[in-house]
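The structure under discussion appears below in the form of structure tokens.
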Amino acid sequence: MTDDCLFCRIVAGEIPATMVHETDDTLAFRDIDPKAPVHVLVIPKAHHRDVAALAFADPGLTGKVMAACAAVAEQEGLTGDGYRIIFNVGAHGGQEVFHVHGHVLGGQPLGRMLSV
Ligand code: 5GP
Ligand code: ZN
């Protein structure tokens with residue numbers, strides 16, 4: 001738990017979020033500003049600043065986060081038409097919240113991979 005981290009505070013129940021999936025090690029909740037009909041954020045409960053830090057520190061937990069992303073996609077009905085999982089890293093990656101999170105996006109065609 002990092003006191004000044006928004007997503008640690010969601011894990012702690014200090015800030016409300018619309019939960020869609022939970023395991024012992026992961027949490028998934030709807031993005032407050034959705035960019036697609038389905039936009040869910042999947043996080044490890046433990047604090048790691050980005051997916052690279054998580055992957056180096058705890059490969060097992062990284063796998064659990066990916067499995068949670070897949071479970072959310074299935075639960076949200078995205079497996080037939082497909083979906084996208086995004087992990088933004090750092091400034092050029094557009095990361096704004098520095099607690100690693102996978103964006104699970106779907107529910108409509110998502111277009112080009114990048115729009116810069
Ligand atoms: P990033 O740009 O760091 O990859 O993504 C951060 C995401 O967190 C954004 O899509 C933003 O809409 C979402 N977000 C920011 N604050 C909150 C919040 O308080 N609650 C929820 N559910 N999502 C948030
Ligand atoms: Zn955190």
Side-chain angles (χ1 to χ4, degrees):
M1 168 76 183
T2 303
D3 282 344
D4 58 357
C5 170
L6 176 64
F7 289 174
C8 280
R9 296 187 68 194
I10 287 177
V11 172
E14 295 173 6
I15 293 174
T18 305
M19 301 297 166
V20 300
H21 189 266
E22 182 170 12
T23 69
D24 287 348
D25 304 297
T26 68
L27 205 56
F29 49 89
R30 297 202 188 282
D31 197 289
I32 204 167
D33 181 19
K35 310 299 189 298
V38 175
H39 187 172
V40 174
L41 303 176
V42 179
I43 67 170
K45 291 179 180 176
H47 182 88
H48 298 268
R49 67 176 276 111
D50 58 38
V51 71
L54 172 63
F56 285 131
D58 196 336
L61 182 57
T62 309
K64 289 177 179 177
V65 170
M66 294 310 303
C69 289
V72 165
E74 193 167 307
Q75 186 179 299
E76 295 288 318
L78 303 180
T79 49
D81 289 328
Y83 56 94
R84 187 170 292 159
I85 300 171
I86 297 174
F87 289 86
N88 294 323
V89 178
H92 281 194
Q95 186 176 6
E96 293 178 346
V97 177
F98 288 88
H99 180 132
V100 55
H101 49 282
H103 298 255
V104 177
L105 296 149
Q108 68 180 30
L110 296 171
R112 300 170 60 210
M113 190 166 68
L114 296 174
S115 60
V116 288

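This is a predicted model, so every value here is computed, not measured. Residue numbers start at 1 and run along the sequence shown.
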Provide the closest heavy-atom pair for [X] versus [Y] in the form atom of the first, atom of the second, distance.
X: Ala71; Y: His21; answer: CB-NE2, 3.6 Å
X: Gly111; Y: Arg84; answer: O-NH2, 3.2 Å
X: Pro59; Y: Ala57; answer: CD-C, 4.0 Å
X: Pro37; Y: Gly107; answer: CG-O, 3.7 Å
X: Gln95; Y: Arg49; answer: NE2-O, 2.9 Å

Quiz item: Are the aromatic rings of His103 and His101 close, with centres under 6.0 Å apart?
Solution: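 They qualify: ring centres under 6.0 Å apart.
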Please round to the nearest 0.5 Å and tell me the distance separating atom [atom1] of [X] and atom [atom2] of [Y].
X: Phe98; Y: Asp4; atom1: CZ; atom2: CG; result: 12.5 Å
X: Leu41; Y: Cys69; atom1: CG; atom2: SG; result: 9.5 Å
X: Asp31; Y: Phe29; atom1: CG; atom2: CZ; result: 8.0 Å

Are [Y] and [X] linked, directly or through intermediate hydrophobic residues, by side-chain heavy-atom contacts shorter than 4.5 Å (ILVMFWY only)?
X: Val11; Y: Val97; result: yes
X: Ile85; Y: Val65; result: yes
X: Leu54; Y: Phe87; result: yes
X: Val51; Y: Val72; result: yes

Quiz prompt | side chain to side chain contact (heavy atoms under 4.5 Å, CB included) between Val100 and Phe7, intermediate numbers included | solution = CA-CA 9 Å; Val100 55; Phe7 289 174; over 6 Å; no
Quiz prompt | salt bridge (Lys or Arg N to Asp or Glu O under 4.0 Å) contacts in which one or both residues fall within residues 59-77, not counting sequence neighbours | solution =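 Non-adjacent pairs meeting salt bridge (Lys or Arg N to Asp or Glu O under 4.0 Å): Asp25-Lys64, Arg30-Glu76.
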Quiz prompt | Test side chain to side chain contact (heavy atoms under 4.5 Å, CB included) applied to Leu61 and His48, step by step | solution = CA-CA 11 Å; Leu61 182 57; His48 298 268; 4.1 Å; yes
Quiz item: Does Glu22 have any side chain to side chain donor-acceptor pair (under 3.5 Å) partners at least two apart in sequence or in another chain, and if so, which?
Solution: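 Only Lys45 meet the side chain to side chain donor-acceptor pair (under 3.5 Å) criterion with Glu22.
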Quiz item: In the hydrophobic clustering that connects Ile, Leu, Val, Met, Phe, Trp and Tyr at side-chain heavy-atom distances below 4.5 Å, which members other than Ile86 occupy its cluster, ordered by chain and number?
Solution: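 When side chains under 4.5 Å apart are linked, the cluster holding Ile86 also contains Leu105, Leu110.
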Quiz item: Quick one: are Leu6 and His99 in side-chain contact, heavy atoms under 4.5 Å?
Solution: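 Sidechains of His99 and Leu6: no contact.
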Quiz item: Under a 4.5 Å cut-off applied to non-hydrogen side-chain atoms, are Thr26 and Met66 in contact?
Solution: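 No, too far: nothing below the 4.5 Å cut-off.
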Quiz item: When you look at Val38 and Tyr83, which way does the side chain to side chain contact (heavy atoms under 4.5 Å, CB included) test go after all the steps?
Solution: CA-CA 9 Å; Val38 175; Tyr83 56 94; over 6 Å; no
Quiz prompt | Val104 and Leu78: CA distance, side-chain angles, deciding distance, side chain to side chain contact (heavy atoms under 4.5 Å, CB included) verdict | solution = CA-CA 10 Å; Val104 177; Leu78 303 180; 4.1 Å; yes
